[in-house]
Amino acid sequence: MSKRHLITSALPYANGPLHIGHIAGAYLPADIYTRYLRSKVGRENVLHVCGSDEHGAAISMKAIKENRTPKAIVDQFHTINKKAFQDFGIDFDIYHRTSSELHHKTAQEFFLNLYDKGVFKKVENEQMYDPEAKQFLADRFIVGTCPNCKSERAYGDQCESCGKTLSPAELINPHSALSGAQPELLKTWHFYLPMGDHSGWIEEFIRDGKLDGAFHHETKNWRNQVVGQCLSWVESGLGDRAMTRDLDWGVPVPIEGAEGKALYVWLDAPIGYISATKQWAIDQENPEAWKKWWQDSDSDLVHFIGKDNIVFHCIIFPIILKEHGGYNLPMNVPANEFLNLEGDKISTSRNHAVWLHEYLEDFPNRKDELRYVLTSIAPESKDSEFTWRDYQARVNNELVAILGNFVNRVVVLTNKYYNGLAPFSDTDWEITDHCLALISKSQENIAQYKFRDGLSEAMNLARFGNKFLADLEPWKLQKTNPDEVRKIMFSALNITAHLAKAIDPYMPEAANRIREMLGIDPIFNGFLDGHEIGTAKLLFAKVEDEDIDHQIQKLASAKSSTSSPESADRPFKPNMTFDEFQKMDLRIGTIKTAEKVKKADKLLQLSVDMGTEVRTIVSGIAQHFSPEDVIGKQVSVLCNLEPRKIRGIESQGMILMSEDNEGNLVFISPEKAFQSGAEIR
RNA sequence: UGCGGGGUGGAGCAGUUGGUAGCUCGUUGGGCUCAUAACCCAAAGGUCACUGGUUCGAGUCCAGUCCCCGCAACCA
């Protein structure tokens, strides 16, 4: 009986659509791995689960900002993303969601199990509460004066001026970053996971691949960045981590007296893999079937994720699974690095992204082209980059010229010489063995999570085919030795059939089209005498310059257009009184000196001549202007802003700037040279 | 500055336990014409970021320096 394989793909967060970075990072490698395994050990022994992650403060905040309900937001993106995955052909057995009742129940059961075992520490503390927004505030959402250095810009978790770690209660004059209201200190309590208690076995698990002293997995197949990041966490000491939040959007903590508390989203989300499996089992009308995937020792668990998720999947979730007991721990967590786009990182807020659903619209019937390119450049060991020119080059020079062309020549020749009836001959074992060797090399690479290498081995089969034809030149021999040509074409057809198998996990549609042309099934045992093949159809079409130009333009205009989510919605602020306006002391100043502030990328320290005095002002413009650029410039200065220490330097005012949608900055300057200190009214 | 990852021919990347530096694309020359001006062959092109060290021998190990990316911080 075959081993079973349970594959999970990171649950996409349901607050936005999917882009190519998500696909290249987790879903495409997971899909390739799944397809490979299904062909190897049978469909019934492989399960691939995923779903929307729909909880957490970020969705809650987005809902408040957009004046919608959290449910409306997650419904919207769950639907969009589910459809995009389907259209792209990611082979999930189920795409579930964490807002479902089944998930809530599952997560609560999990929590209770650990709670009863005393795994959590209940810690009482006082936490800031925003009476206007009516919610507890995360530490980062509280601003106040640092008790240590008196900086007024300290956050609830840390003061950036002196670097001291703080708790919100220590802040002097704290206020909410949400509403600006004075937060109240209310008593609350939370359950914490003392991760430090587990660091011993976690370290052994990550470093040596051992669990409870016994062999668990091969560490050499784990990626550097995964092992490195986990060990660095362990070495710097695992702390206590709160597993509950004071939040009304999430899985309620199922304990009496815990009303208004929800499970921490990172506790709840990975359990989503389990509840997804349960839902799948229910859909199969075999509700207990999920257990064999999660609990049988002959089932392998693999998590596909991006690098931002590493510690949650390699440290926190394993602790939870092990403490619960009876669950398998991951055999591998092949986390990818990040994919950049046209020289810049992908950014949802700046709309610098290639959205999956838009690609599918703009390039209909070209899923495999994107799968090919994203696999070729997958950020397996370091960040990599997608450019549209590269996409075009890879499709035209590799997919079209090497793969598509080879298949086309074979099918065209067979039709031409034999009227579509495959010539029958003895199997050339040298050729066949070579094909099988390439296929197994390709598959070994997949098994070791080296998808780029595996794809390249599959492509080598097409290269081998082209060379085979060029070396033997059947089109020349046909006139003098047609018998020999029959042998050659029989082999060429066999190579093509093997090629379909080799590319199947990577490009399932192209593989199917090859099989259709050859008239064969996925399980192929050689051509029989009298086998009929179909007519030649092009596997891939060239990508034209204008398509690429269009995409590049689209990216450029997306960056500056108001369609970006950040800039689209910038309503005017409420009216104020003339008195309030008069409180502002705005004047013209002239920049005399400028220098970069040490240890801060973005800060310039300026001295500004205000006529009667010279002021020191620290401004966050270092990435846009060098000191030489700004010396001598006349600018608008807000003079009576409360002085503030930034990086230890007191800033005595604020330079007024304007910023466009691309993030470019300009000074607000007088239209001609003017007297320093002149008032602006 | 803290943590992690990385710096290899024009571009994108491999280089396992140290032993003549590889792959894909591009470039140049040639061949072929069955094929989506596709395919095949050949060539040019690298002091493996830098500096020291260990070694008979280092891209590969050790130390230091510089640079890039992500996270963190900063952006009054």
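When reading the values below, keep in mind they use all heavy atoms of this one structure, side chains included, and skip hydrogens, waters and symmetry mates.
Between C67(B) and U24(B), the distance separating the two P atoms is 35 Å to the nearest Å. Across A58(B) and G19(B), the matching P atoms stand 11 Å from one another, rounded to whole Å. Nucleotides C39(B) and C48(B) are separated by 33 Å at their P atoms, to the nearest Å. With both ends at atom C1', the span from C71(B) to C56(B) equals 45 Å, rounded to whole Å. For the C1' atoms, the distance linking G10(B) with A44(B) amounts to 12 Å, nearest Å. U1(B) and G59(B) have their C1' atoms separated by 29 Å, given to the nearest Å. Separating the P atom of U60(B) from that of G18(B) is a span of 12 Å, rounded to the nearest Å. Using P as the reference atom, C62(B) and U16(B) are 13 Å apart when rounded to the nearest Å.
Contact annotation for Val400(A): base contact, defined as any heavy-atom pair under 4.0 Å involving a base atom. Among the heavy atoms of the strands lying under 4.0 Å from Ile402(A) are primed sugar atoms or P, OP1, OP2 only; no base atom is included. Within the nucleic acid shown, Asn405(A) comes within 4.0 Å of at least one base atom, counting heavy atoms only. Among the atoms of the strands shown, only primed sugar atoms or phosphate atoms (P, OP1, OP2) are found under 4.0 Å from some heavy atom of Ser384(A). Glu398(A) comes within 4.0 angstrom of the backbone, heavy atoms only, and of no base. Nucleic acid contact for Phe406(A): none, since no nucleic acid atom lies under 4.0 Å from a heavy atom of the residue.
Listed nucleotides: A35(B), C13(B), G5(B). Nearest to the side chain of Arg452(A): C13(B). For Val412(A), whose side chain is taken as the heavy atoms from C-beta onward, the closest listed nucleotide among C40(B), C34(B), U36(B) is C34(B). The side chain of Ala401(A) approaches C39(B) more closely than any other nucleotide in the set U36(B), C39(B), U24(B). For Lys467(A), the side-chain atoms get nearest to C40(B) when compared with the rest of A35(B), C40(B), C32(B). The side chain of Lys416(A) lies closest to C34(B) when the candidates are U36(B), C13(B), C34(B).
Taking both residues in full, the closest heavy atoms of Phe540(A) and Ala510(A) are given as CZ-CB, 3.6 Å, listed atom of the first, atom of the second, then distance. Between Val410(A) and Met489(A), the closest heavy-atom pair is O-CE, 3.8 Å.
Taking the six-membered ring for Trp and thresholds of 30 and 60 degrees, Phe386(A) and Tyr391(A) have ring planes inclined between 30 and 60 degrees apart.
In this structure, Ile206(A) atom CD1 and G4(B) atom C1' are separated by 14 Å, rounded to whole Å. Across the protein-nucleic acid pair, Asn397(A) atom CG and G10(B) atom P stand 19 Å apart, rounded to whole Å. Between the P atom of U16(B) and the CG atom of Asp453(A) lies a distance of 12 Å, rounded to the nearest Å. Distance, Asn309(A) CG to G70(B) P: 18 Å, rounded to whole Å. Between Trp222(A) atom CH2 and G4(B) atom P there is a gap of 18 Å when expressed in whole angstrom units. Following rounding to the nearest Å, Glu544(A) (CD) and U36(B) (C1') show an atom-to-atom distance of 11 Å. At whole-Å resolution of the value, CZ in Arg223(A) and P in G5(B) are 15 Å apart. Atom NZ in Lys476(A) sits about 15 Å away from atom P in A35(B), given to the nearest Å.
One finds no side-chain N or O of Lys307(A) lying less than 4.0 angstrom from the OP1 or OP2 phosphate oxygen of C71(B). Between C25(B) and Arg394(A), no contact under 4.0 Å exists linking OP1 or OP2 to a side-chain N or O. OP1 or OP2 of A38(B) sits under 4.0 Å from a side-chain N or O of Lys542(A).
For the pair Glu342(A) (side chain) and Trp388(A) (backbone), a donor-acceptor distance under 3.5 Å is present. The closest donor-acceptor contact from the side chain of Asn396(A) to the backbone of Ala401(A) lies at 3.5 Å or more, if one exists at all. Distance alone, capped at 3.5 Å, is enough to place a donor-acceptor pair between the Arg452(A) side chain and the Ala378(A) backbone.
Taking the nucleotide of RNA chain B with the nearest heavy atom to each of Arg463(A) and Asn396(A), the more 5' of the two is matched to Arg463(A). Toward the 5' end of RNA chain B, the nearer of the two residues Lys450(A) and Val410(A), judged by each one's closest nucleotide, is Lys450(A).
Base pairing of G70(B): its partner is C3(B), meeting the Watson-Crick or G-U wobble criterion (both donor-acceptor distances under 3.5 Å). Pair check for A76(B) finds none; no Watson-Crick or G-U wobble contact set falls under 3.5 Å. Under the Watson-Crick or G-U wobble criterion, with both distances below 3.5 Å, U27(B) is paired with A43(B).
Classification of Lys487(A) and Asp483(A) as a salt-bridged pair fails, no side-chain N sitting under 4.0 Å from a carboxylate O.
At least one side-chain heavy atom of Glu516(A) sits under 4.5 Å from a side-chain heavy atom of Lys537(A).
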